[in-house]
Engineer: 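Encoded as structure tokens, here's the structure I'll be asking about.
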Amino acid sequence: MRVNRLHMGAYLCIASNGVPPTVSKRIMLILTSFLSYFSVPPMIWIQNQLVGAHEGQQMTLECHSEAYPKSINYWTRDRGEIIAQGKKNF
């Protein structure tokens with residue numbers, strides 16, 4: 001009755017009564033916002049919020065998002081400049 005974003009995803013309903021065959025149906029649950037029927041505001045999570053590296057060491061910054069329609073994700077520096085995807089030196 002009270003679903004949230006964590007409930008979104010694929011579900012499988014299986015029916016069996018001991019008489020073959022067992023049947024199943026897969027459904028997708030997509031949550032829509034009450035404010036806008038066709039969209040859900042973005043939600044982000046960053047698994048490692050503190051990342052360290054030695055100077056010159058290669059590293060990857062990860063940001064995961066969930067939104068409908070799909071979000072456009074990017075990183076910025078302190079002053080607001082956007083870091084180009086795949087940029088090595090910043």
Engineer: Would you say that more than 12 heavy atoms from the other residues, nucleotides or ligands in this model lie under 6.0 Å from the CD of Gln47, or not?
Structural biologist: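 Open.
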Engineer: Around atom CG of Leu29, are there more than 12 heavy atoms of other residues, nucleotides or ligands at under 6.0 Å?
Structural biologist: yes
Engineer: Take Ile83 and Thr76 through the side-chain contact (heavy atoms from CB on, under 4.5 Å) test and state the conclusion after the steps.
Structural biologist: CA-CA 5 Å; Ile83 300 169; Thr76 64; 6.0 Å; no
Engineer: Kindly compute the distance separating SG (Cys63) from CD (Gln49), expressed to the nearest 0.5 Å.
Structural biologist: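 Interatomic distance, Cys63 SG to Gln49 CD, rounded to 0.5 Å: 10.0 Å.
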Engineer: Go through the steps for Glu81 and Arg79 under the test side-chain contact (heavy atoms from CB on, under 4.5 Å), then give the verdict.
Structural biologist: CA-CA 6 Å; Glu81 64 267 21; Arg79 297 186 194 107; 3.1 Å; yes
Engineer: Which atom pair, heavy atoms only, marks the closest approach of Ser65 to Ser71?
Structural biologist: OG-OG, 2.8 Å
Engineer: Is there a side-chain contact between Ile82 and Trp75, using heavy atoms and a 4.5 Å cut-off?
Structural biologist: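 With C-beta onward as the side chain, the pair stays apart.
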Engineer: For Ile44, does the CD1 atom have more than 12 heavy-atom neighbours from other residues, nucleotides or ligands under 6.0 Å away?
Structural biologist: no
Engineer: Measure the spacing between SG of Cys13 and CZ of Arg26 and express it to the nearest 0.5 Å.
Structural biologist: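 Reported value, rounded in 0.5 Å steps: 13.5 Å.
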Engineer: For Val3 and His7, which heavy atoms make the closest approach, and how far apart are they?
Structural biologist: CA-ND1, 3.5 Å
Engineer: Hey, any chance Val51 and Ile46 share a hydrophobic cluster, counting ILVMFWY side chains that come within less than 4.5 Å of each other, even indirectly?
Structural biologist: yes
Engineer: To the nearest 0.5 Å, what is the distance between CE on Met43 and CE on Met8?
Structural biologist: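 One finds 7.0 Å between CE of Met43 and CE of Met8.
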Engineer: Looking at CG of Asn17 and OG1 of Thr22, how far apart are the two atoms once the value is rounded to the nearest 0.5 Å?
Structural biologist: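 One gets 8.0 Å once the value is rounded to the nearest 0.5 Å.
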Engineer: Consider only side-chain heavy atoms of I, L, V, M, F, W and Y, link residues closer than 4.5 Å, and tell whether Met28 and Leu6 are in one cluster.
Structural biologist: no
